[in-house]
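Written below as structure tokens is the structure these notes are about.
One-based numbering, in listed order, for ligands and for the atoms of each. Computed from a prediction, not measured in an experiment: that's the story for all the values here.
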Amino acid sequence: MKRLSYISRFARPLTKRDIDAIHLSATRYNREHGVTGILVCLGDMFFQELEGKGAVIDKLYNERILQDNRHQNVLCLNSVNGVGARMFPDWHMQIFNLNEETEVLPMAFRQALIALLESNHMISQYTQPSILRFLERGINPTLIKPRRLRATVLFSDIVGFSYFAERLKPVDLIDLVNSHIDACTQSVDRNGGQVNKLLGDGVLAYFPQRRADAAVAAATDLIEEMNRRRSRASGTSPHHLLYGGVGLANGMVYEGNIGSALKRDFTILGNTVNLASRLESLTRVLKVPVIATASVTDRARRSWGFQSLGAHTLKGQSEALEIFGLKLVQSLHVDKLYQQITGLRRSNERD
Ligand SMILES: Cc1cc2nc3c(=O)[nH]c(=O)nc-3n(C[C@H](O)[C@H](O)[C@H](O)COP(=O)(O)O)c2cc1C
């Protein structure tokens, strides 16, 4: 059996009639499907606990509760599988409308729920989107079993980052990194991929195996967006330095939870991930912004104009591999770029 609890906010002021309507429809459905639980109203917030068969709770939560436009900001607090005994065996849906109480307790309780929502919102900004999606659907991510899947892995990084890291002011360095991450996460998201993690200035993302075109589209969108950001950059902005390289590889990856009780990560591992990272490093050696393996270009349906860059033996790979590049650009001299913006800064300081 599963027990799930969540909090949410009213989407608009709800009257007693609205609450009664939820109660009526919920009780009817829950009785028919063997669900028990409670619903607490506090100011403009709900707190609900539901218990029943796992599949029934998942369906109820995803198809009825999350779809209900009378509430919003639904945050799943907990979902536990394998619960032995029901906590509320006698109630299919008991409502406690604490707004009808005059005590100070409801106010304090409401404050606690608001604090929970706000702290969750803050923490969620540091959490990878795939984990958030599990949590939103009431799935406990720590219980997800590892699996092997085919994916197209995208690895993106800023050209010359180590050089700039030693020379830029911290505020400019972080601005540069954030601009790359922002452009990259948006391109990946728009094309249906998942950003798996941020690795310093780099981004690791992946796309379902059949969506090789989407991965290439994300890579080209990203390079174009960086071009736009550079051309929009004003005088001393570090965005003048925003050049990136993207490696794309397709193959088997392991997806699952790794880590310890202190630090956990839901991630992908395997040779395909290493390969994407090695290809990304090659982008600056070969002066090509996007480099992919044949396993990506063969699967892509659109003709993207990839050109063979010959066979290369990459670190950690036993055999030489033919690789393909997209859109050759002028060679980049990071030191010249840096001098260009520091020169600009000095002349601005003199003005
Ligand atoms: C805060 C809140 C709690 C809800 N709890 C339940 C519930 O326990 N069981 C249920 O079936 N639907 C629940 N719902 C969903 C709606 O009651 C239901 O989907 C909607 O009224 C449609 O009902 P109908 O099928 O009678 O048209 C809840 C909705 C809200 C906003």
Checklist line | Amino acids contacting ligand 1, non-hydrogen cut-off under 4.0 Å | finding: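 The 4.0 Å shell around ligand 1 contains Tyr6, Ile22, Ser25, Ala26, Arg28, Tyr29, Asn30, Leu39, Phe46, Gln48, Leu50, Leu60, Arg64, Ile65, Asp68, Arg70, His71, Met93.
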
Note to self: Would the distance check show the side chain of Asp201 and the main-chain N or O of Ile158 forming a donor-acceptor pair, the cut-off being under 3.5 Å?
What the structure shows: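 Flag set: sc Asp201 to bb Ile158 pair under 3.5 Å.
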
Checklist line | Residues Asp18 and Arg70 bridged, charged N to O under 4.0 Å | finding: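 Judged by the 4.0 Å cut-off on N to carboxylate O distance, Asp18 and Arg70 do not form a salt bridge.
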
Item checked: Side-chain ion pair, Asp20 and Lys16, N-O less than 4.0 Å ->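 Yes, this pair counts.
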
Next item on the list: Compare every heavy atom of Phe46 with every heavy atom of Leu113, then report the nearest pair and how far apart it is.
Entry: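 Shortest heavy-atom contact: CD1-O, 4.4 Å.
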
Item checked: Within-4.5 Å side-chain heavy-atom neighbours: Ile57 and Val35 ->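 Yes. Closest side-chain heavy atoms under 4.5 Å.
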
Margin query: Please tell me whether Trp304 and Asp213 have a donor and an acceptor in their side chains that are separated by less than 3.5 angstrom.
Written below: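 Result is yes, a qualifying pair exists.
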
